[in-house]
Structures are given as structure tokens and as C-alpha cells.
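For reference, the structure is listed below as C-alpha cells.
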Amino acid sequence: MSDFGFSKKLRLLGAADFQPVFKNARYKVSCQQLLLLAYDSDTPFPRLGLVIAKKNIAKAVQRNRVKRILRESFRHNQSLLPTLDIVILARSGLGALTSEQIRKKIERHWVDLIHKAGKTSETRDNENAG
RNA sequence: CGAGUCAGCUGGACAGUCGCUGCUUUGAUUUCUUCGGUUUGCGUCUCUGGCGCAUUUUGAGGUGCGAGGUGGAGGAAAGUCCGGGCUCCAUAGAGCAGAACGCCAGGUAACGCCUGGGAGGCGAAAGCCUACGGAAAGUGCAGCAGAGAGUAGACCGCCAACCCCGAUGCAAAUCGGGCGGUAAGGGUGAAAGGGUGCGGUAAGAGCGCACCGCGCGACUGGCAACAGUUCGUGGCACGGCAAACCCCGUUCGGAGCAAGACCAAAUAGGAAUCCAAGGGUGUGGCUCGCACUGGAUUCGGGUAGGUUGCUUGAGGCUGACAGUGAUGUCAGUCCCAGAUGAAUGACUGUCCACGACAGAACCCGGCUUACAGGCUGACUCAAUUU
RNA sequence: GGGUCGUUAGCUCAGUCGGUAGAGCAGUUGGCUUUUAACCAAUUGGUCGAGUGUUCGAGUCACUCACGACCCA
């Protein structure tokens, strides 16, 4: 397996994978058009799930475009990410942005997520040690 | 040249790197799993053998993994407006109700679609548009305005012949009034009960006649709708609205792949058979019919999730033949998305006309709506310009 | 994906059989009251979601489109 693949192992499949992330969303990163939720994964690699509601992005072409950009960005940056189950929710207005704008937004969110996960894991390690 | 009409095609191209997914070939025999053989041991029985359990080894297949090959959104995939296939409800049947359609003929699996023809309308033409059956079966509707709105109607106007009264007059007659006559003109309205002309008359009027229009009948042509420089006949009797009810003809059972089938954690709400009642439910109502609720007896049911349905089909392409055409028949050839938290993309480079609307979700046939541009063919030409 | 329904004043809703679109609340003005609220009176405000058609005339009838809501494993 290369460092840039995106097989079914790296996706969240079914409600069983999604529910823990929604219920105990330890890490949250958001902006006006995007919301990222994440929780520690059971697997030794990060996993991605997308929730793109028809209500928020009406046209199928726009929904497909957004999903492709988000998946592609995850695929390229997966080796940098901590081992989390990540759910990305689209909010209304995302479909109006250009592909370049969405790519920049999600890359900024990856960085934020790495920082947050790093800090909390440190504090947790300290608690465990003490 | 330019303007326009119709029909059809196309919907950025090429190269490299990375990525997703179906199918297929192949590798390693690492994960899980199904079926079969083999070795050894134990148990058991109807004991030269069979069966069961464990174990050894091996073959075939599935699944996951690696590598290679190959396929991977649309003309509208959309809206869900119609029609089918398919699936379940009884095998989808009978009557009523309801709905849809509606010039004629043909095509089709079927249609509200398509083709050809007719009629009416628009245009200079090519051509385009039309829910286009019946108002001489019935019931209705038409506010306001207007005298009158449907087997008509005297507001203004026109007339004063006939009849009656009065005045003048010898009388003829004239004037005024009454009883009236009149649908040509004005006015109202969306709509006022054929049109034009001549005759006729007190003034008028299909009252009469001619022509036009209309109705009915015949004849001719056409499968028919319908048409006619045809003939006869009727003074016209028959105004509009059925996207008002309705009548006539034709068609239609209901629901949908989230249909349905299979495997099945959890949980216990059960399932099958028999019996009684005819209340409740079912994908519109009633009848028939089916299932459930109730009681008894006997043992298995099926939510999350998964698998399947799932792509070879009224299929595409090419040719021949039949037909004005839609289309059909025959022959050859091809396999052309099948995802399921949901694939067909990202980046880089080059080129040009600098890329619109937009993403399959069971599958087809249509219709409708959205759409940057580009290409091809056929046809028309009034005015203007050359 | 499939099915069902809705759109009328700033808001919540009427509008039967086609004939000049109403009610309540809100707003504005005036009155009452020392003032506000309440009350009383008057008044403003509508391309009837968009377009096309039928009709003399459409909120209403028909068709096309847009937007919104709900249901089905």
C-alpha cells in the first residue's frame, strides 16, 4: 500500500462507523462552510467519512465536486494526519465556492486538526503518567 | 452576399504521474471460509465394513492481498408529466363509481407519443401552430351596462297607411293626439338573431328577387376525416360557453426495486394447523375473494446489518428489401457503467474556437424544461443593398 | 430513487357554483388618560409563486415551470 491510496479501509462505512464520531466528537474544527468532527480510531490509520446533505448543496454535480476535492485532499495528506476517524459535514454555501477555495480551506483545517490532536494527546499522556 | 426555415451530428484534444471501481489473466499460498479425498487415534453399531469427533496432509472454488490487461455518466443522466416491462397484492375477474383521451387513417409492447392526410389560423415563401367529437338529448351560465341577453327587444330615431278623437275646411285634404307600425340608423355590451344591391313600402323588414354565405339531400372523388366553378332544395328554421355539469366513443385493478427474495446479531412483540364469528384491516368505494385479530393444539419466527434483485435489452451498428413516412422483415456483427456513506477524478505540460447545461441508482419508449459554441445537408426569398 | 401535498396583505388563515379579493394580529393617525398599556374610531398595505392557454372576464378551470414541506428501508 502506497502512502497516497484511498481504499475502502480508509473510509467510514455504515452507521456503526459514524455514530461514535458524532457522539464523542473529541476534536472539532469548523468554518462557515465546513465542519470537521474527529474521534480516536480503532485502526492504525486515519479514516474519512463525508456527509454532504442534499439540503445544503442542491445540485448533484456540485456535491460530487465537493466530495472529490475533500477525498483528494485527504488522500494526499493522510500520512501527516493522526490516527483519527474524521467526519466532514458540508454546510450551505460550500457549493458556491470555487474548487481552489475549498482546497485551501480543507488544508488549513488539516493543520488545525493536527495541532489539536497533538495537544490533547500530550495532556492525556501526562494524566496517564501522573 | 445576407436573412430565414427544417432535419441531423458534436458536447475540448493530446501526453505524463498519482487515485477509485467492474470484469479478466496471473502470482504468493499469508487471512477467513465452503466442498471433496487422504493419514492416524478414539467412540459407537446391524462389526473383512459403515457412521461421528479430533488430527495429518492435499485438491478445487469463493473472499481479501500484489502485478498486468481492459471497460467506466448524459443529450438531456434532470422534471417525474405520460406509457410499458419487471415484482408483490388472488390467477387481476364482474358491476358501479372515478379518471384519462377525443378530426381521420396508420405505426407501436404501449402511450396523452410518432408518421401521413383533412379542417382552421399565421407568414411574402420555405414552413409553423391548433385539448380539433357532440350545443337541431337534457340541465345550466352570461356580473356591470343596456329598452332588450335567447322560442328577442321600442330608449333615441323613423312612420302616421289602416282605425278612433279633436281642430280647420263645402269637400279633397292638412295639422295635433290616441291606438299603433318599424329592427334600416344611433346608443349599450365580449356578444343584439346572415351580408351586399335592387325592388317594395307610410316607414321598414328575406316581404320579394339576384349574387355571396349557411343548412339539408343527392351525385362525384377518397378506406376515412373531408372536398367540389356539380345538381336540387329551404328564406334562414340552427348565436356563444362542454379546459360548466353532461352525452357519445375508446382505454384503464392497485402499488412500487425504499417492489420483492434470501442469510441473519439483538429482542421476544411469535409461526403453522384446526374451529367459531362475519366486527376490524388491506394501496380509492361496493360485491366476490384473500389475509389478520379471538380460542385450542404443535414448534420455530426475523428488526439492525449483509447478500440478491443489477444489467443481454421492445439492445446498438452495418447492409438489403417493403412502405410517401413513422416503422417493419431478413442477414451479418458487437457486448457498450453497474456504484451502494455511493466510482468515472486530481495535478503538470502543450494546443485551440478558451469549454454551456449539467452526474446513472431497476430498465426501456416518449414528452417537457436547461444549454457556450462548432459542423453538415435540404429548402425559401417579399422589402432593402450590390 | 419513489410517492403525497402546499404557495393569497409584514405574520396566521378564509375565498362555496368563474363576475371589482376579505378576517384576525401587526403598522399609521385621531380620541380617552398626567403618561404608557388596554380600550374606541378611522385608515394604509396585494403583479393571489411565475408563465401560457380556455372564456367577454380567471385567486378560482387546464397545462408548463419554480420554490417549499412531509412520507416510504
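Every chain is numbered from 1, with letters handed out A, B, ... down the list of sequences. Remember, predicted model here, so these are calculated numbers, not experimental data. Values reported hereafter were calculated over all heavy atoms of this structure, with side chains retained and with hydrogens, waters and symmetry mates removed.
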Between A:Cys31 and A:His109, the two heavy atoms sitting closest are SG-NE2, 3.3 Å

Consecutive-pair stems (at least three Watson-Crick or G-U pairs, under 3.5 Å) that include RNA chain C
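Counting only runs of 3 or more consecutive pairs, the stems involving RNA chain C are C:1-7 with C:66-72, C:10-13 with C:22-25, C:27-31 with C:39-43, C:49-53 with C:61-65.
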
Worksheet entry | Charged N-O contact under 4.0 Å between A:Arg75 and A:Glu72 |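 Yes, A:Arg75 and A:Glu72 are salt-bridged.
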
Please state how far atom [atom1] in [X] lies from atom [atom2] in [N], giving the value in whole angstrom units.
X: A:Ile86; N: B:rG341; atom1: CD1; atom2: C1'; value: 15 Å
X: A:Arg11; N: B:rC20; atom1: CZ; atom2: C1'; value: 7 Å
X: A:Phe6; N: B:rA346; atom1: CZ; atom2: C1'; value: 13 Å
X: A:Gln78; N: B:rA346; atom1: CD; atom2: P; value: 19 Å

Mind checking the [atom1]-[atom2] spacing from [X] to [Y]? Nearest 0.5 Å is all I need.
X: A:Lys116; Y: A:Lys28; atom1: NZ; atom2: NZ; value: 9.5 Å
X: A:Glu107; Y: A:Leu80; atom1: CD; atom2: CG; value: 10.5 Å
X: A:Lys105; Y: A:Gln32; atom1: NZ; atom2: CD; value: 7.5 Å
X: A:Ile57; Y: A:Arg63; atom1: CD1; atom2: CZ; value: 8.0 Å
X: A:Ser73; Y: A:Gln78; atom1: OG; atom2: CD; value: 11.0 Å
X: A:Arg26; Y: A:Leu37; atom1: CZ; atom2: CG; value: 13.5 Å

chi for B:rA237 classified (syn = within 90 degrees of 0, anti otherwise) as syn

Per the glycosidic torsion and the 90° limit around 0, nucleotide B:rG52 is anti

Exercise for review: Go through the structure and list residues passing side chain to side chain donor-acceptor pair (under 3.5 Å) with A:Asn56, not counting sequence neighbours.
Suggested key: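 For A:Asn56 there are no side chain to side chain donor-acceptor pair (under 3.5 Å) partners, ignoring immediate neighbours.
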
Q | Candidate nucleotides B:rG345, B:rA342, B:rG341, ranked by approach to the side chain of A:Phe18 - the nearest | A |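 Of the options given, the side chain of A:Phe18 lies nearest B:rG341.
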
Hydrophobic clustering (ILVMFWY, side-chain heavy atoms < 4.5 Å, transitive) - are [Y] and [X] grouped together?
X: A:Val29; Y: A:Val111; result: no
X: A:Ile106; Y: A:Leu97; result: yes
X: A:Leu89; Y: A:Ile102; result: no

Q) For A:Arg103, which residues count as a salt bridge (Lys or Arg N to Asp or Glu O under 4.0 Å) partner, sequence neighbours excluded? A)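 Only A:Glu100 meet the salt bridge (Lys or Arg N to Asp or Glu O under 4.0 Å) criterion with A:Arg103.
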
Here the residues of residues 49-74 of chain A within 4.0 Å heavy-atom distance, strictly under, of RNA chain B are A:Leu50, A:Val51, A:Lys59, A:Ala60, A:Val61, A:Asn64, A:Arg68, A:Arg71, A:Glu72

Within residues 103-111 of chain A, those residues having any heavy atom closer than 4.0 Å to RNA chain B are A:Arg103

Distances under 3.5 Å between protein N/O atoms and the N/O atoms of nucleotides 4-7 of chain C, please, pair by pair.
none

